[in-house]
Colleague: 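What follows is a structure written as structure tokens; I'll ask about it next.
Here is the naming used below: chain letters follow the sequence lines, and residue numbers restart at 1 for every chain.
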2 protein chains.
Amino acid sequence: MSNLKEVAKKANVSITTVSRVINGSDKVNPKTSERVKKVMTMLDYQPNRVAQRLRTANGRSKLLGLIIPDIKNQFYSNIVRGIEDVAYGNDYAVILCNSDENPNKERFYLEVLKSESVDGIILPPILQFGEEIENIIKTGIPIICFDRKLGNKNVDTVVIDNEMGGYIATSHLIDKGHKQIAILTSSILFSSFSERQKGYERALKENGIEVDKRLIREGDPRSSDNAKLMTTKLINLDNPPTAIFATNNLMTLGAIEAINEQNLKIPEEISIIGFDDVSWAKAITPPLTVVKQPAYEMGLKAAELFFRKVEDKSSEPVEIVMEPSLIIRQSTASPPK
Amino acid sequence: MSNLKEVAKKANVSITTVSRVINGSDKVNPKTSERVKKVMTMLDYQPNRVAQRLRTANGRSKLLGLIIPDIKNQFYSNIVRGIEDVAYGNDYAVILCNSDENPNKERFYLEVLKSESVDGIILPPILQFGEEIENIIKTGIPIICFDRKLGNKNVDTVVIDNEMGGYIATSHLIDKGHKQIAILTSSILFSSFSERQKGYERALKENGIEVDKRLIREGDPRSSDNAKLMTTKLINLDNPPTAIFATNNLMTLGAIEAINEQNLKIPEEISIIGFDDVSWAKAITPPLTVVKQPAYEMGLKAAELFFRKVEDKSSEPVEIVMEPSLIIRQSTASPPK
DNA sequence: GTGAAAGCGCTAACAG
DNA sequence: CTGTTAGCGCTTTCAC
């Protein structure tokens, strides 16, 4: 791989001049610049980004760090696309890290990203990570949070209104006449799930329906098998729910599997509403009613916040709240008599 | 962020010694090493990977470059997981690049990866890229191909036996009694699809069924909408197919949507077999018969080849061919009378 | 408009 | 076992 020195030699200038040409300094004679550029293409020269980064203390690495909990979750892969599209448009590459919600992995990747001196990190925070993230912020690397909020920390954030999502879903079911509505949700560690649950409970209360603890099931949101198990148990309850609200797409999948396995007809015998408008939602029979999160758009916004921060480190952190929307298909109907 | 110098000062040793401790050299007095380590944790010191990389010409960046065509495709996200799991186990981070099968994007990412001096690149080659990849290989960066083959080039490769996949799928349909079997496939640019098609044609021929050009439809494999359109057209043919073989999961989705929209019953009125055992395949009704690609395992293998090459650059390239398998569910049955 | 020289943080001879 | 020193490829004063 050729370097500055070679180019300089071949173009009969100093390496400084070549550097100036690379960085588009205007203090270079157009003719010289022309000559240098020609040599650069001739030698197929590409500046060494590693060296560039080492030299310039807060130079741009043109690298965006992205930590996501689960690449296999369509919700996240949509977000990745949104971020990636904006990044590519800005000549940035994305270092994607799959954290699995595993604190050790997350810590490892955070270290890597820091020491790769990426220009910023986009991630969905976990509660336990106040400290690590605090440290990153101290180093001056911009942090953008998405999907979940980082407690009271003062960082750029894009979330959807999860409480509203839960409320919309539950209200829809109530409107259809359901009173026994189960929810498949996750531990309170993830703010997004607890907020969906909050919305669920508010909808029930506002409609004079008592919150029934038996119908609230918490499990690993990354495991459809777990959701399947929970659903099977729900179905076999003495006084089973007539509708199920699954708070993410993997749980929805598990719920549907369980319902099919128990030979219950959707929506005649049981209604189901999912979270996330996944690709297969409208292909299944009956098509799935869902609360749609604008995942791709969320990725877009997060990336935009990232570049805003990169441009101007002193910009005030903002919190963007996006609206979920209800997409009514045929998996929800009135409860059986 | 603290650096070698600070640590050295605080521990009363030279920076060399600190460096040795970092790199686990055995020529350090255990006591000194202990002291240095203590200072390192005290100062929360992390070696600067950028500087490390710059210094050591072919030192390890502990970065693995991964280019994939479409992160939203479950087949690829499964592969990513396989690769990521092995990488993490080896303390490597993955730079994930989404190429969209866009030559410009791919070129851009290849440049970035090269100039980030990643330790190797894993990618599914596109035909047009003989040259670019040739260049990379010349620089000594190991390349691992997956999913598709890179012409006659001499690189490590992991593929599945796509011809066999196409053959298995089609044979299954023929066994059920189908004679009018349509295939949703993609342009010959992608070797994987053309091979599946080859298997399809071989199965037909071996069973004395003539290949009917009308039933072979080519389209963008990343667009389920396109597949939906193609399927609709197939259904509305004068002499429509009694079974459809969709050669990837997005096309399968589109086909199912079209069939549902036309109110055809699966499998009574039309059979469908998909490629890739996606998460929702067994949740839909009827559950989908598919040819399963061992995607996750393919990622695992690709990553293993990567590390093998990183350990020993002179190792002879190998080609691993994995076997697809037929998973029979209820979306395929005998053709209507 | 251009160049010489210093140095980013680190590793690797080489010397002791 | 430990330290001194050169230099990876680049950007950035500071001179001219």
Colleague: Near DNA chain D, which residues from residues 33-44 of chain B have a heavy atom under 4.0 Å away?
Modeller: none
Colleague: Checking A:E34 now: which residues fulfil side chain to side chain contact (heavy atoms under 4.5 Å, CB included) with it, not counting sequence neighbours?
Modeller: none
Colleague: Round to a whole Å and report the spacing from CD1 of A:I22 to C1' of D:dT12.
Modeller: 14 Å
Colleague: Do any N or O atoms of the protein come closer than 3.5 Å to N or O atoms of nucleotides 3-6 of chain C, and which pairs are they?
Modeller:
residue : atom : partner : partner atom : Å
C:dG3   : OP2  : A:S14   : N            : 2.9
C:dG3   : OP2  : A:S14   : OG           : 3.1
C:dG3   : OP2  : A:T17   : OG1          : 2.5
C:dG3   : N7   : A:R20   : NH1          : 3.4
C:dG3   : O6   : A:R20   : NH2          : 2.4
C:dA4   : N7   : A:T16   : OG1          : 3.3
C:dA4   : N6   : A:T16   : OG1          : 3.0

Colleague: Closer than 4.0 angstrom, basic N to acidic O: yes or no for B:D119 and B:K309?
Modeller: no
Colleague: What is the distance, rounded to the nearest whole Å, between atom CD of A:E116 and atom P of C:dG9?
Modeller: 16 Å
Colleague: Looking at B:K72 and B:D70, is there a salt bridge between them, counting it only when a charged N and a carboxylate O are closer than 4.0 Å?
Modeller: no
Colleague: By the side chain to side chain donor-acceptor pair (under 3.5 Å) test, which pairs, at least two apart or in different chains, include something from residues 293-308 of chain A?
Modeller: A:D85-A:Y296, A:D156-A:R308, A:D276-A:Q293
Colleague: Tell me whether the rings of B:Y76 and B:F146 are parallel (<30°), tilted (30 to 60°) or perpendicular (>60°).
Modeller: perpendicular
Colleague: Answer yes or no: is there an ion pair linking A:R49 with A:E116, defined by an N-O contact shorter than 4.0 Å?
Modeller: no
Colleague: Apply salt bridge (Lys or Arg N to Asp or Glu O under 4.0 Å) to A:R35 and list each qualifying residue two or more places apart in sequence or on a separate chain.
Modeller: none
Colleague: So if I take every side-chain heavy atom of B:Y45 and compare against C:dC10, C:dT2, D:dG9, which nucleotide ends up nearest?
Modeller: C:dC10
Colleague: What pairs with A:F193 under ring pair (Phe, Tyr, Trp, His ring centres under 6.0 Å), at least two apart in sequence or on another chain?
Modeller: none
Colleague: A:L4 has an atom CG; how far is it from atom P of D:dT12, in whole Å?
Modeller: 12 Å
Colleague: Would you say a side-chain N or O of B:N48 is under 4.0 Å from OP1 or OP2 of C:dC8?
Modeller: no
Colleague: Judged by each residue's nearest nucleotide on DNA chain D, which is more toward the 5′ side, B:N29 or A:Q46?
Modeller: B:N29
Colleague: Nearest whole Å is fine: how far is D:dT12 P from A:L54 CG?
Modeller: 13 Å
Colleague: Kindly say if A:N3 contacts the phosphate of D:dG9, meaning a side-chain N or O under 4.0 Å from OP1 or OP2.
Modeller: yes
Colleague: State which residue, out of A:T17, A:V36, A:V21, A:I22, fulfils the side-chain contact (heavy atoms from CB on, under 4.5 Å) condition with A:V7.
Modeller: A:V36
Colleague: In this structure, how many angstroms lie between the P atom of D:dT2 and the NZ atom of B:K9, rounded?
Modeller: 21 Å
Colleague: According to a strict under-4.0 Å criterion, is B:Q52 in side-chain N/O contact with OP1 or OP2 of C:dC10?
Modeller: no
